[in-house]
Amino acid sequence: MKRGHKAVIEAGTLLPVLCDTLFTRWSSMSTEWDDGIRQGGKAPKKGSAQEAAPVGVNPPSAEAEMDEAQRFSEQQRVRREKLARLQAEGRDPFAVVRFDQTHHSAELKAAFEALEKSGTVPEGQGARIEGVSVAGRIMSFRDGGKASFVDLQDRDGRIQLYINIDDLGAEEYAHIKTFDRGDIVGVTGFVFRTRRGEISVHVKTIQLLTKGLEPLPEKYHGLQDTEVRYRRRYLDLVMNPEVMETFKRRTKIVSAIRDYLDSREFIEVETPILANIASGAAARPFITKSNALNLQLYLRIATELYLKRCIVGGMERVYDMGKNFRNEGIDIRHNPEFTMIELYQAYTDYKGMMELCEGLVSHAAVKATGATKVNYQGTELEFAAPWRRVTMIDAVKEYGGPDFKLISTDEEARALATERGLEGELKKKLKDCTKGDILNAAFEKFAEKNLIQPTFVMDYPTDISPLTKQKPGDPTMTERFEAFIYGREVANAYSELNDPIVQLDRFRQQAREKELGDDEAYALDEDFVSSLEVGMPPTGGMGIGIDRIVMFLVDAYSIRDVILFPTMKPDLG
RNA sequence: GGGCCGCUAGCUCAGCUGGCAGAGCAGCAGACUCUUAAUCUGCGGGUCGCAGGUUCGAUGCCUGCGCGGCUCACCA
């Protein structure tokens with residue numbers, strides 16, 4: 001992937017005077033460009049004058065400029081030359097500031113078909129919509145000596161342009177033939193249907209609005225290279241319509257979730273991303289630093305403890321939908337930054353959260369796909385309520401694991417773990433594990449992967465649920481569920497623990513876990529405990545992984561396919 | 001972190017056992033007034049991911065590194 005960034009022209013192609021002007025102008029811009037490139041753009045591929053040159057000092061020497069010229073491809077040079085000519089002729093496309101669209105491609109096609117069906121078009125005449133203007137990117141050219149066809153792509157799709165020399169005159173027609181794939185144009189004209197049946201815009205005027213300086217990927221195969229697709233998502237969006245569709249659908253899902261909650265009187269709030277203590281989940285945080293405070297801070301791993309403070313404060317129903325950051329591995333289901341919604345509702349419990357979860361997800365499914373049944377990677381998933389409910393203990397037994405109803409002590413559980421080969425699933429040394437740890441391990445080993453249709457797994461061990469209320473009558477278990485779809489956890493909810501004295505004990509137990517080597521044990525947040533002392537009503541709370549829900553609803557194999565700019569290592573070398 | 005695979009023209013891909021680097025699209029020049037992967041004629045275009053090594057000779061073999069993908073492990 002070899003690409004140039006600085007504007008360089010070939011001297012021989014232009015008048016010397018023009019040449020001087022352009023070199024001066026572009027040289028003065030180039031330092032700015034360098035800054036931009038260093039911030040977020042693509043670094044130059046090899047060791048080079050550009051890398052060595054101090055940033056923001058002097059413009060590169062003429063020698064360095066010529067060096068730069070060497071690393072443009074032939075096609076990049078041609079496009080820069082075309083741009084230079086346009087600018088010399090006073091037709092700088094980058095000087096254009098606005099273009100008013102009357103329509104987008106899809107609505108134009110819909111309107112035209114509606115007109116044809118309306119029966120108002122006189123016999124023997126073709127339908128027409130006069131006075132339209134559209135804008136977009138040129139995706140392909142079928143040019144002829146006196147008439148050409150162009151595929152124009154805008155936000156909603158493509159529409160064909162018909163360009164005829166009779167409408168524009170020979171000079172303008174010749175000018176248009178210098179346009180390239182990837183250029184952005186605005187046209188005016190009327191809509192008609194060609195003899196071959198394609199709804200098209202018969203162009204009366206056409207204006208270049210932006211020159212594309214880089215050749216587009218191939219029109220037929222498009223952009224396939226996964227790495228380039230993720231690194232340069234803008235190209236992926238241009239070339240792959242299904243990618244555009246995926247992200248439009250993601251937006252619909254997010255909107256549907258907000259609508260659902262807003263209509264149930266939830267208040268959307270924003271809690272801190274920069275945190276003194278990263279708590280509320282079992283995960284390692286990213287560490288950052290405030291210069292002003294000379295203080296180490298963490299990026300949040302959950303919003304839970306702040307949202308519960310809002311409940312203490314009396315908001316009753318709150319949610320925060322936003323990014324969380326977990327300093328962990330990356331794979332098809334995990335991106336270091338991901339979007340989660342957490343919501344809390346006073347005066348209900350985890351069963352209330354189940355109903356909310358079913359309702360919310362099936363609502364999003366309908367809004368995004370039109371149905372509650374969705375095909376995911378060849379498997380039909382049914383999101384309509386009610387979802388299956390099963391206790392963790394029953395699920396383990398059902399899928400071939402041991403019967404934990406027969407186990408009462410940690411010793412028995414540890415013996416069982418050895419017997420059933422569960423050591424590999426445990427985070428701690430076997431001797432430090434409780435019955436709860438081993439039940440959880442057994443669940444992950446036997447049950448999890450089998451939970452294909454949406455399922456609530458209820459009643460988690462207290463040991464692994466430090467923010468959750470215990471079950472009445474069984475202090476070893478809590479009122480917690482996780483929702484599983486296609487073997488993946490998508491939601492986690494509790495009857496929230498609101499007893500500050502018990503909560504402090506649970507945090508202290510987590511501190512002991514940390515000493516036993518669990519570097520993901522929950523961190524103690526004393527102010528949060530203080531807030532519970534003020535008094536939190538009985539409350540149900542839930543977190544839902546938005547990216548994972550989106551994956552199911554857009555049939556994405558990898559989480560990177562639903563995140564516009566997934567985390568990547570820098571592209572060096 | 002382990003294993004496997006990939007990295008060749010702007011893009012999509014060939015490239016045999018180590019012997020002058022290829023095609024299609026795109027680009028350039030020309031023809032063509034209803035094309036749609038338009039067509040026809042001609043022409044350019046390469047740091048074969050990077051660095052070493054072996055060899056008379058390396059895109060190919062060896063070693064190391066980089067980035068990506070899949071997978072296992074870790075991890076919600």
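Each chain gets a letter, A, B and so on, in the order its sequence line appears, and its residues count up from 1.
- Computed from coordinates, the A:L213 CG to B:G10 P distance equals 16 Å when rounded to whole Å.
- Comparing B:G44 with B:G2, their P atoms are spaced 48 Å from each other, to the whole Å.
- Pairing of B:G1, defined by two Watson-Crick or G-U wobble distances under 3.5 Å, is identified with B:C72.
- A donor-acceptor contact under 3.5 angstrom links the side-chain atoms of A:H334 to the base of B:C75.
- To the nearest angstrom, P of B:A76 lies 17 Å from CD1 of A:I332.
- Between the side chain of A:N240 and the main chain of A:V243, no donor-acceptor pair closer than 3.5 Å is present.
- Within 4.0 Å of A:R284, counting heavy atoms only, lies no atom of the nucleic acid at all.
- The line from CD1 of A:I559 to CG of A:D547 is 4.5 Å long, rounded to the nearest 0.5 Å.
- Separating the C1' atom of B:C11 from that of B:C74 is a span of 37 Å, rounded to the nearest Å.
- To the nearest angstrom, P of B:G30 lies 9 Å from NZ of A:K177.
- Taking side-chain N and O atoms only, A:K82 has a distance below 4.0 Å to OP1 or OP2 of B:C28.
- The distance between atom CZ of A:F443 and atom C1' of B:C75, rounded to the nearest whole Å, is 16 Å.
- Side chain of A:Q160, nearest nucleotide from B:G27, B:C11, B:U36: B:U36.
- Using a 4.0 Å cut-off between a side-chain N of Lys or Arg and a carboxylate O of Asp or Glu, A:E172 and A:R91 qualify as a salt bridge.
- For A:P217, whose side chain is taken as the heavy atoms from C-beta onward, the closest listed nucleotide among B:A76, B:G27, B:C11 is B:C11.
- In this structure, A:I549 atom CD1 and B:A76 atom C1' are separated by 14 Å, rounded to whole Å.
- The minimum heavy-atom distance linking A:A491 with A:I544 is given by the pair CB-CG1, 3.9 Å.
- The partner of B:C61 is B:G53, by the rule that a Watson-Crick or G-U pair needs both atom distances under 3.5 Å.
- Using atom P as the reference point in both B:C5 and B:C62, the two lie 11 Å apart (nearest Å).
- A:Y173 comes within contact range of no nucleotide atom at all, as no heavy-atom separation falls under 4.0 Å.
- At the heavy-atom level, A:G545 lies nowhere under 4.0 Å from the strands shown.
- In terms of polar N and O atoms assigned as donor or acceptor, the side chain of A:N164 comes within less than 3.5 Å of the base of B:U33 in a complementary pairing.
- The side chain of A:F149 sits closest to B:C34 out of B:A76, B:C34, B:U36.
- Residue contacts shown for A:A283 are limited to sugar-phosphate atoms, with no base heavy atom under 4.0 Å away.
- Picking from B:C34, B:C25, B:A76 the nucleotide with the shortest atom distance to the side chain of A:E218 gives B:C25.
- Note on A:E304 versus A:K308: salt bridge recorded, some NZ/NE/NH1/NH2 to OD/OE distance being below 4.0 Å.
- No donor-acceptor pair closer than 3.5 Å links the side chain of A:K211 to the backbone N or O of A:R80.
- In this model, no side-chain donor or acceptor of A:Q224 finds a partner on the base of B:U12 within 3.5 Å.
- Across all strands shown, nothing is found opposite B:C16 as a Watson-Crick or G-U wobble partner with both distances under 3.5 Å.
- Nearer the 5' end of RNA chain B, as judged by each residue's closest nucleotide, is the contact made by A:F141, out of A:E520 and A:F141.
- For A:L223, the listed nucleotide lying nearest its side chain is B:U12; candidates were B:U36, B:U12, B:C75.
- Comparing the same atom, P, in B:U8 and in B:G69 gives a spacing of 16 Å after rounding to whole Å.
- Among the nucleotides B:A76, B:G10, B:U36, the one closest to the side chain of A:E448 is B:A76.
- Residue A:D143 is classed as a base contact, given a heavy-atom separation below 4.0 Å to a base.
- Taking atom CZ of A:R193 as the reference point, atom P of B:C34 lies 19 Å away to the nearest angstrom.
- B:G24 and B:C11 make up a base pair, with Watson-Crick or G-U wobble contacts both under 3.5 Å.
- Nearest to the side-chain atoms of A:F484 among the listed nucleotides B:G27, B:G68, B:A76 stands B:A76.
- B:U55 and B:G49 are spaced 23 Å apart, taking the C1' atom of each and rounding to whole Å.
- Rounded to an integer number of Å, the gap from CD1 of A:I165 to C1' of B:C32 is 12 Å.
- Nucleotides B:C4 and B:A14, compared at atom C1', are 23 Å apart to the nearest Å.
- Remark on RNA chain B: of its neighbouring residues A:K569 and A:E482, the 5'-side contact belongs to A:K569, judged by nearest-heavy-atom nucleotide.
- Side-chain atoms of A:D225 lie closest to B:U12 of the nucleotides B:G10, B:U12, B:C34.
- Using a 4.0 Å heavy-atom cutoff across all strands shown, A:N492 reaches no nucleic acid atom at all.
- Residues A:T339 and A:R250 have side chains that bring a donor and an acceptor to within less than 3.5 angstrom of each other.
- Note on A:R560: only backbone sugar-phosphate atoms sit closer than 4.0 angstrom, heavy atoms only; bases stay farther off.
- For B:U33, the base has a donor-acceptor partner in the side chain of A:D166 [N/O atoms by modelled type, under 3.5 angstrom].
- Cation-pi check for A:R77 over A:F72 is not met; the charged atom does not lie both under 6.0 angstrom from the ring centroid and within 45 degrees of its normal.
- Of the candidate nucleotides B:A76, B:U33, B:G68, B:U33 has the atom nearest to the side chain of A:K146.
- A salt bridge links A:E337 with A:K323; the closest basic N to acidic carboxylate O contact falls under 4.0 Å.
- Taking atom C1' in both B:U63 and B:A26, the straight-line distance is 38 Å, to the nearest Å.
- Not a single donor-acceptor contact under 3.5 angstrom links the side-chain atoms of A:E74 to the base of B:G27.
- Contact annotation for A:M568: backbone-only contact, meaning every heavy-atom pair under 4.0 Å involves sugar-phosphate atoms and none involves a base.
- Atom pair A:Y220:OH and B:C11:C1' shows a separation of 15 Å (rounding to whole Å applied).
- Here the separation of B:G24 from B:C20, taken at their C1' atoms, is 23 Å to the nearest Å.
- If you check every strand for non-hydrogen atoms under 4.0 Å, A:Y162 touches a base.
- Using modelled atom types and a 3.5 Å distance limit, the side chains of A:D459 and A:Y350 yield a donor-acceptor pair.
- Within the shown strands, B:G6 is the pairing partner of B:C67 under the Watson-Crick or G-U definition, both distances less than 3.5 Å.
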